[in-house]
Amino acid sequence: MNKTIILDKRPVGKPQSTDFKFIDSEIPEAAANEIILKATYVSVDPYLRGRMSDAKSYSAPFELQKPISSGVVAEVTVSNNAAFRKGDFVSGLLEWKEYQKSNGQGLLKIDPSKAPLSAYLGILGMTGLTAYLGLSEIGKPKAGETLVVSGAAGAVGSVVGQIGKILGCRVVGIAGTDEKAALLKTRYGFDAAINYNTTADMKQAIAEACPDGVDVYFDNVGGEITDGVLANINKFARLIICGSISVYNETTVPMGPRVETVLIKNSALMQGFIVANYAAKFPEAMAKLSEWLQAGKLTYSETITEGFDQIPQAFIGLFEGKNNGKMIVKI
Ligand code: NAP
């Protein structure tokens, strides 16, 4: 049988395993021009939480009782399409199904001899592109500037910090445990790290970690952490609003300090970022990430859980800080 995960209920607050349902169906057959794909690695991502709600956003909500989709690496097991051969690996936005059929549109052929297959969901996939493009297109960091990254030990944040170091910045990361804070310095080369769970005064902690103030802030988290960073920004600071995971599960969005006067006083730029808007720059970004990886300037971590049945739990784990680097499920 072929397992599929559907959205059974829209989560209220933190997602629960009961919001998801497993259903069985037959393995599909390929018609003319179609291929059959067997899922190999499934990406779970915080942004999926937004698609599980029916609020207006930049991508359409998932429909109830329909399969959830995310980034997936899959193997072609049957091909009636001249562009694909049995044994090819592809990545694309696919459904949470063990087996599914496709006409090949939107799929990218990937080469397992160039990088491990899972890397195409992280460092060479959506999160790597987000780190590179968010930082370069909005942050525009210059050597000698101070870059602060929230969600720093995650898939996006860990890459942002390393790129900041490559570009010559002083880099300060914020993460949720002492172990993650230590990893930021030892594994990724950050200059300083803050554990927000043991920090009573984030404004003070940022001031101490950033004696010259904050020039670029790459925000994955929002909320009180961002309030503390904002209180330390420099003139002409650039704030990349990439994610806001600290409020994704709130039923009413909490109010923080008003940001307008801080932005005016510092002539600062605060801009929302969605990676899909920069698709034209994906090849350039991918080439740069690959070059730095091959040169050993960039490293990455993955938290890989095994088994199709583990997908909902891995997704929920993102909101509990269970991952170091990219959270992935191996099927
Ligand atoms: P990730 O950082 O690998 O995983 C999520 C991490 O968020 C967790 O490991 C946890 O780390 C932290 N977290 C969870 N709840 C938190 C809370 N209440 N307060 C502070 N931190 C919390 O995920 P990712 O894929 O790299 O994504 C990072 C952010 O970027 C997300 O907000 C995501 O939505 C966003 N994003 C945006 C785009 C875009 O195009 N705009 C693209 C990709 C990702 P700790 O242990 O440190 O708490």
Side-chain angles (χ1 to χ4, degrees), residues 13-15 42-53 57-59 70-71 93 118 121-123 125-139 148-163 173-184 188 190 193-199 202 217-229 239-250 253-254 256 271-279 281-282 285 300-305 314-329:
K14 194 174 132 199
V42 172
S43 174
V44 289
D45 301 276
Y47 82 90
L48 299 172
R49 175 66 183 84
R51 295 197 64 194
M52 289 172 193
S53 114
S57 186
Y58 58 91
S59 55
S70 69
L93 200 59
S118 56
L121 296 177
I123 187 82
M126 193 266 285
T127 55
L129 293 170
T130 298
Y132 179 89
L133 290 166
L135 191 59
S136 55
E137 295 292 317
I138 300 176
V148 173
V149 188
S150 63
V156 174
S158 59
V159 179
V160 170
Q162 292 180 82
I163 297 175
I174 308 167
T177 65
D178 286 345
E179 291 73 20
K180 288 186 182 184
L183 268 182
L184 292 182
Y188 304 118
F190 285 55
I194 297 167
N195 173 357
Y196 68 85
N197 277 314
T198 55
T199 300
M202 186 54 67
Y217 176 44
F218 196 108
D219 188 12
N220 289 310
V221 158
E224 289 176 9
I225 292 172
T226 296
D227 299 341
V229 178
L239 315 176
I240 306 129
I241 308 302
C242 173
S244 204
I245 194 167
S246 73
V247 297
Y248 288 173
N249 292 328
E250 300 287 348
V253 177
Q271 187 175 337
F273 171 82
I274 295 296
V275 66
N277 294 338
Y278 295 83
K281 302 220 166 176
F282 286 179
Y300 65 98
S301 302
E302 297 170 328
T303 298
I304 299 190
T305 50
F315 170 68
I316 293 166
L318 291 167
F319 300 94
E320 298 163 345
K322 293 258 169 75
N323 57 310
N324 273 314
K326 182 78 193 89
M327 184 75 114
I328 292 171
V329 182

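First listed ligand is number 1; within each ligand, the first listed atom is number 1. Given the structure is predicted, the values throughout are model-derived calculations rather than measurements.
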Candidate list I174, D219, L239, test side-chain contact (heavy atoms from CB on, under 4.5 Å), partner T226, passing option: D219
Checking S53 against Y248: is there a side-chain donor and acceptor pair closer than 3.5 Å? no
Exam field: side chain K180 to backbone N323, donor-acceptor pair closer than 3.5 Å: yes
Kindly compute the distance separating CG (L133) from CZ (F282), expressed to the nearest 0.5 Å. 6.5 Å
By chain and number, the residues contacting ligand 1 below 4.0 angstrom (heavy atoms only) are P46, Y47, M126, T127, T130, G154, A155, V156, A175, G176, K180, Y196, N220, V221, C242, G243, S244, I245, S246, Y248, F273, I274, V275, L318, F319, G321, N323, G325
Side chains of Y47 and S70: any donor to acceptor distance under 3.5 Å? no
Quick one: do the T303 and K322 side chains pair a donor with an acceptor below 3.5 Å? no
